[in-house]
Amino acid sequence: MMMDWLHSVVLLLVLLAVSGLPQEGTYEGIQDGTQGPLVKKQELKANRDNLKVSESSLQPQQIHISLGDSSRDMTVMWATEGYDSSVVEYHTGDRTQLQRAEGQTMKLDDTNDAGLKHLHHVTLRNLGPKTKYFYQVRGQSDDTLSESYSFTVPPVHDGNTHMFMVYGDLGTQTNNIQFLLQEALNEKYEAIFHIGDIAYNLSSKNGEIGDKFLRQIEKVSARIPYMTVPGDHETDHNYVHYRHRFSMPNLPWPMPSNKLWYSIDVGPIHFIMYSTEVFFYDDENTEAMLNWLKEDLDKANSERSARPWIIAMGHKPMYCSVDDINADCSRSNPVVRRELEDLFYAEGVDLIISAHQHLYQRTWPVYKKRATQNNYRHPSAPVHLIIGTLGLHYMVDKANNEGGQWLAFSMDEPGRESFGRLKVYNATHLSWEVRECLNNRVIDTMWINQPYHRPFTQPRVFFPNPLGEMGQEWMDDQTESYGLESFLGLRGKHYGDDYQTKLTVLFCVFIICLLGLIARKKVLSFVRIICLRKEPCNKIKAGLSPGGANV
Ligand SMILES: *[C@@H]1O[C@H](CO)[C@@H](O)[C@H](O)[C@H]1NC(C)=O
Ligand SMILES: *[C@@H]1O[C@H](CO)[C@@H](O)[C@H](O)[C@H]1NC(C)=O
């Protein structure tokens, strides 16, 4: 009797395990060799002409734009050698409807002996979403009129896909700048995010390098909003070059040294752009930033149905697995992680992108050094990315395996300069691709599927309900990623850290056993009939019986 009871439980467990076997998922970090559009040689050559320094001291150069206080405002900046006023003329295609906006001119003297001194700043407000604008910048005289550029204001979220280019650690000596610029113009990026370490350094050679960099990227930065956060290479002289040469949303200009962080909404995304350098260079500002982050994230969560995605970017990573004992993220308790991880977890930040380490790494959803799962379906913690590969020319960070459990993918090969392409499709799906500059091949792909955007401290409560959507999602979850095998820890240590799922599985097993117990007579006679008839069952039976032959 006891033996038969055991058989029925084993049978049920086997059934459960078979139904729960993980299947090939499209949401894993698959790699593929998709070939993107190749850049023509002539175009690369033409780009170099942009680097020529203009002769007239009042001729605007280094034109770059960034999102203003909202994604419907655009700030235009440029530099001139001599003093001039700051004017932008713009229209939407009909020159007779020309509009004019005036702004400020500031002088940058500090560590800028060899750089252009006069910086210009004009904000165009209340622009039409998804509208293309043409503009020229100028000073007093008609002779100072720049060439005409255009930009498109990001659409509001109404079923549009939003695409962004993301990288850090880009300097004037990065090998593939021309490729990068061509890629930015070929595709429909709504903004470019440069996550710190800009030009190496903006202030180097008394400002010459900053000028050189801004001329190098002008072809793109005059057309696509160029969004930044400071890295360690921007910290010298109290960030003076960074604060003057760039202007970011919801900040005065020049940006104040005690508030180099901001947030901006684009479509269904709330971008949080924070400074990790406060923890290392100006820690008197740490508290102010943490307070601001908390306030901003609370607000973002209160508007989560309108903007489900929260994506945070800061220069230094919380997680890395590199052979660099001096790196904060290599330490057992990194400063950045200690200061920010709990907050970002509690506020349900979906994705954290950083740079600084010159390599590419992707983690599983991770909290307190533990991967909550090893896929990206309904993550229970933030996902971390390091995209510092454009700095490979300057230094290569070698990956090690210290990341073990939470490290999902790593690429540290010298020469493989690459950038990130972030695409947000809708409230539940985003994709991330890392593409190699040399040939535009995809090095890594990740899909995040998150239907439950929420502070991760709030449990994802759902019990199987075959009638409802939640029940269906749960079933998907089981077949894709969990299942009994992983639950029992048979598939490696990545699995089975999702307590809700564990509880749910336990609950199911309990219910099934209970049902089995209630109807045990029927079940047992059923099992007996099968076992009498079927050869394999007899073998199992023989194998399980004490004293029986081992199979
Ligand atoms: C660039 O900045 C870094 C970090 O502040 C500093 O260590 C380095 O000396 C600077 N390089 C130059 C050439 O100024
Ligand atoms: C969101 O986008 C993904 C990827 O394009 C698609 O598979 C999914 O069906 C979309 N979901 C909704 C609700 O539109």
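Not measured: the values here are computed from a predicted model. Counting starts at 1 for both ligands and their atoms, following the listed order.
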Exercise for review: Please list, chain by chain and in numerical order, all residues satisfying ring-ring contact (aromatic ring centres under 6.0 Å, His included) with Tyr425, sequence neighbours excluded.
Suggested key: Trp447
Point to revise | Contacts of Tyr367 that satisfy ring-ring contact (aromatic ring centres under 6.0 Å, His included) - sequence neighbours left out | key: Tyr345
Practice item. Run the numbers on Lys117 and Asp109 for salt bridge (charged side-chain N to carboxylate O under 4.0 Å, His left out), then give the verdict. Key: CA-CA 6 Å; Lys117 302 282 184 302; Asp109 271 327; 5.3 Å; no
Point to revise | Any N/O pair Asn426/ligand 2 closer than 3.5 Å | key: yes
So what's ligand 1 close to, N/O to N/O, under 3.5 Å?
unit_1   : atom_1 : unit_2 : atom_2 : d
ligand 1 : 2 (O)  : Asn201 : OD1    : 3.4
ligand 1 : 2 (O)  : Asn201 : ND2    : 2.3
ligand 1 : 2 (O)  : His233 : ND1    : 3.2
ligand 1 : 5 (O)  : Asp232 : O      : 3.3
ligand 1 : 11 (N) : Asn201 : ND2    : 3.0
ligand 1 : 14 (O) : Ser204 : OG     : 3.4

Check your understanding: Got a sec, which pairs hit side-chain hydrogen bond (donor to acceptor under 3.5 Å, both in side chains) with one end in residues 329-339, sequence neighbours left out?
Key -> none
Exercise for review: Classify the side-chain pair Asn449/Thr428 by whether it contains a donor and acceptor separated by less than 3.5 Å.
Suggested key: no
Exercise for review: Answer yes or no on whether Lys316 is positioned over the face of Phe280, meaning its NZ or CZ is under 6.0 Å from the six-membered ring centre and within 45° of the axis.
Suggested key: yes
